[in-house]
Amino acid sequence: ATTLTVAGITDPVVAGVNSGVTITALDDNSNVDTTYTGTITFTSSDVKGSTVLPSNYTFIGADNGVYAFDGSTAGEIVTLTTTGEQTVTATDTVTGTITDTQSAITVNPDAAAAANTSIDVSVDPATAGNAVTVTVTAYDAYDNLRATGGNTVTVSVAGSNSETDLATTDAGDGTYTVNYTPTASGSDNITAKLDATLVGNDADGTSNGTYVLTVQPGGIEYFTLSAPADITAGTETQYTVSRYDVNNNLVTSGATTVYLYSDGAGTEEQFDDTNDGKGGTTITSLIISDAASSNTFWYYDEKASSDVSVTASDATPSADGNTNIDDAIDHIAVLVDVAHNSSTITFNPDNVVADNVATTTITVTAFDQFANPIAGIADPNIVITVGGTNNTLSTWSTTSAAGEATATLKTTKAEAKLLTLVTINAIAMTATDTVTFVADNATTLTVAGITDPVVAGVNSGVTITALDDNSNVDTTYTGTITF
């Protein structure tokens with residue numbers, strides 16, 4: 001024999017399907033050499049580890065130059081597992097020129113196997129709010145791509161986002177696709193089923209059948225401000241400004257400048273970057289740094305107000321509402337501080353008739369240390385003293401929005417009376433003022449001073465005094481008297 005023929009391998013054949021093969025020893029004229037007793041070995045272009053070739057075989061005389069490997073007995077099987085055009089070659093182990101090859105054996109993929117099927121995505125990391133294409137590629141048990149469709153493939157997502165059994169589109173070439181749009185940042189665990197069986201591979205480097213997709217936040221859509229409690233004038237409160245995308249995910253990439261604004265009415269309001277009170281380091285903006293989602297600042301104010309707005313904006317020199325990044329606005333009240341010694345006491349009118357009917361109105365104006373009027377202070381939390389005697393002071397009204405409380409004072413004693421503001425809410429005060437009460441019109445006279453006893457014929461003086469009903473001297477009396 002000078003050559004061999006290799007024939008009988010199934011063509012086309014499905015990957016993994018066993019086949020037999022027949023080897024014939026021929027002379028130069030293609031006659032069968034019935035005396036051939038050489039030993040042959042097999043090789044193939046299909047070198048995948050799952051490929052099976054017959055064992056070496058030594059011809060015997062009874063073979064008459066032809067041996068058919070049955071395709072079922074161990075050592076007599078040809079199993080090709082790589083798709084495409086493959087070859088199988090038989091060669092005499094001693095004389096390498098005694099050889100032949102069955103060429104162009106078409107190997108087609110086996111049925112899709114879930115364990116070998118793989119998941120991939122169109123983009124990683126993904127961006128919240130943007131669609132991701134999930135591709136499931138079907139492979140047979142020998143990792144050959146299925147060239148046709150026909151399987152039922154579904155995709156599910158768990159983790160930051162959730163989807164269950166999304167139907168895929170069969171491309172007819174072994175790939176199946178579906179789009180989903182993650183909205184929450186974080187990690188998504190993407191799995192797939194092929195004909196109801198979980199697939200076993202993925203392209204994220206783990207090959208465990210779960211593609212772990214990182215979902216990053218989108219661009220900044222809006223700012224938020226924390227809502228601290230109201231503050232007392234002369235103190236400050238901490239704010240946190242945060243940045244979010246349109247899907248309410250905290251944004252952590254890139255640096256963002258935030259400009260700060262307030263409509264507080266005072267001249268001493270300020271923003272600080274530390275909790276150092278008035279006169280510390282003041283700022284008009286701050287930066288949310290790369291890898292951070294927020295930053296903090298403090299707001300200080302001395303002017304009392306029921307509603308002060310604090311705004312965080314991406315715009316300067318003034319806030320721009322919802323242009324570009326939406327501004328954040330918080331409303332806070334600046335409450336009055338406690339009563340201060342700068343509180344005042346006044347009256348009106350002066351020179352009131354001391355007839356126990358006419359009154360003067362005393363006004364106490366309560367201020368805190370920042371000249372904010374204090375409303376809502378009721379009797380008996382305002383205490384004053386009135387000099388002199390015979391005084392009647394009414395109950396105090398409750399202080400108004402202007403910080404003013406009033407009471408009336410009347411008396412029967414004509415004199416200058418010192419008004420002293422003693423306490424407001426038990427806090428000592430020092431303000432004073434003086435109101436004058438005058439006598440009413442004279443209603444009687446007093447005659448006094450004549451020497452008693454007196455010697456007849458000795459001269460004596462006499463004093464005449466004009467008095468009102470309350471025995472006050474009528475200093476304005478201009479009447480004529482007779483004796």
Side-chain angles (χ1 to χ4, degrees), residues 1-118 137-151 173-175 194 200-201 207:
T2 58
T3 189
L4 302 173
T5 62
V6 180
I9 299 173
T10 305
D11 184 17
V13 67
V14 173
V17 174
N18 296 339
S19 176
V21 60
T22 298
I23 307 300
T24 304
L26 301 175
D27 64 13
D28 284 340
N29 295 305
S30 300
N31 298 302
V32 177
D33 179 1
T34 58
T35 65
Y36 178 72
T37 55
T39 299
I40 60 171
T41 188
F42 288 88
T43 58
S44 175
S45 60
D46 186 350
V47 295
K48 190 176 291 181
S50 54
T51 296
V52 177
L53 296 174
S55 302
N56 288 1
Y57 178 74
T58 301
F59 278 74
I60 61 176
D63 291 333
N64 293 314
V66 179
Y67 188 80
F69 294 82
D70 63 19
S72 60
T73 302
E76 297 202 0
I77 299 170
V78 176
T79 306
L80 301 177
T81 58
T82 302
T83 56
E85 300 295 306
Q86 303 296 342
T87 64
V88 174
T89 298
T91 304
D92 187 281
T93 59
V94 175
T95 305
T97 58
I98 300 175
T99 185
D100 189 41
T101 298
Q102 182 174 338
S103 301
I105 304 167
T106 301
V107 182
N108 293 320
D110 196 4
N116 299 71
T117 296
S118 186
T137 303
Y139 292 89
D140 68 11
Y142 307 99
D143 294 324
N144 297 302
L145 173 65
R146 290 285 299 167
T148 59
N151 298 101
D173 60 359
T175 60
L194 185 143
N201 279 322
S207 298

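Closest non-hydrogen pair, Ala15 versus Asp140, comes out as CB-OD2, 3.9 Å. Smallest separation of non-hydrogen atoms from Ala138 and Leu194: CB-CD1, 3.9 Å. Contact detail for Asp70 and Glu76: the closest heavy-atom pair is N-OE1, 3.0 Å. Taking both residues in full, the closest heavy atoms of Asn144 and Pro109 are given as CB-CB, 4.2 Å, listed atom of the first, atom of the second, then distance. Minimum interatomic distance between Asp46 and Thr82 (heavy atoms only, all atoms of both residues): OD1-OG1, 2.7 Å.
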**Request:** Take Thr24 and Val32 through the test side-chain contact (heavy atoms from CB on, under 4.5 Å) and record every step on the way to the result.
**Result:** CA-CA 7 Å; Thr24 304; Val32 177; 3.9 Å; yes
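The side chain to side chain donor-acceptor pair (under 3.5 Å) test with Thr58 is passed by exactly one of Asp63, Thr39, Thr93, Thr37: Thr39. No option in Val78, Thr81, Thr79 other than Thr81 meets the side-chain contact (heavy atoms from CB on, under 4.5 Å) test with Thr51.
Side-chain N or O atoms of Asn116 include none that pairs as donor or acceptor with a backbone N or O of Tyr139 at under 3.5 Å. A donor-acceptor contact shorter than 3.5 Å links the side chain of Thr2 to the backbone of Asp28. Panel note: side chain Asp27, backbone Asn31; a donor-acceptor pair is recorded below 3.5 Å. Asp33 places a side-chain N or O within donor-acceptor distance of the main-chain N or O of Ala1, the cut-off being under 3.5 Å. The backbone N or O of Ala90 sits less than 3.5 Å from a side-chain atom of Thr99, completing a donor-acceptor pair.
Atom OG1 in Thr83 sits 11.0 Å away from atom CG in Asp110 (nearest 0.5 Å). Here CG of Asp143 is found 8.0 Å from OG of Ser50. Values are rounded to the nearest 0.5 Å. Atoms OG1 and CD, on Thr87 and Gln102 in that order, are 9.5 Å from each other to the nearest 0.5 Å. A distance of 7.5 Å separates OG1 in Thr89 from CG in Asp100, rounded to the nearest 0.5 Å. To the nearest 0.5 Å, atom CD1 of residue Ile9 and atom OG of residue Ser44 are 7.5 Å apart.
The closest side-chain heavy-atom distance from Leu80 to Ile105 is below 4.5 Å. You'll find the side chain of Ser45 reaches within 4.5 Å of the side chain of Gln86, heavy atoms only. Looking at heavy atoms from C-beta onward, Leu4 lies out of side-chain contact with Leu26 at the 4.5 angstrom threshold. Between Val21 and Ile23 the shortest side-chain heavy-atom distance falls below 4.5 Å. Val6 has its side chain out of reach of Thr101: every pair of non-hydrogen atoms, C-beta onward, lies at least 4.5 Å apart.
Taking the ring centroids of Phe69 and Tyr57, they lie under the 6.0 Å cut-off. For Tyr67 and Tyr36, the ring centers sit 6.0 Å or farther from each other.
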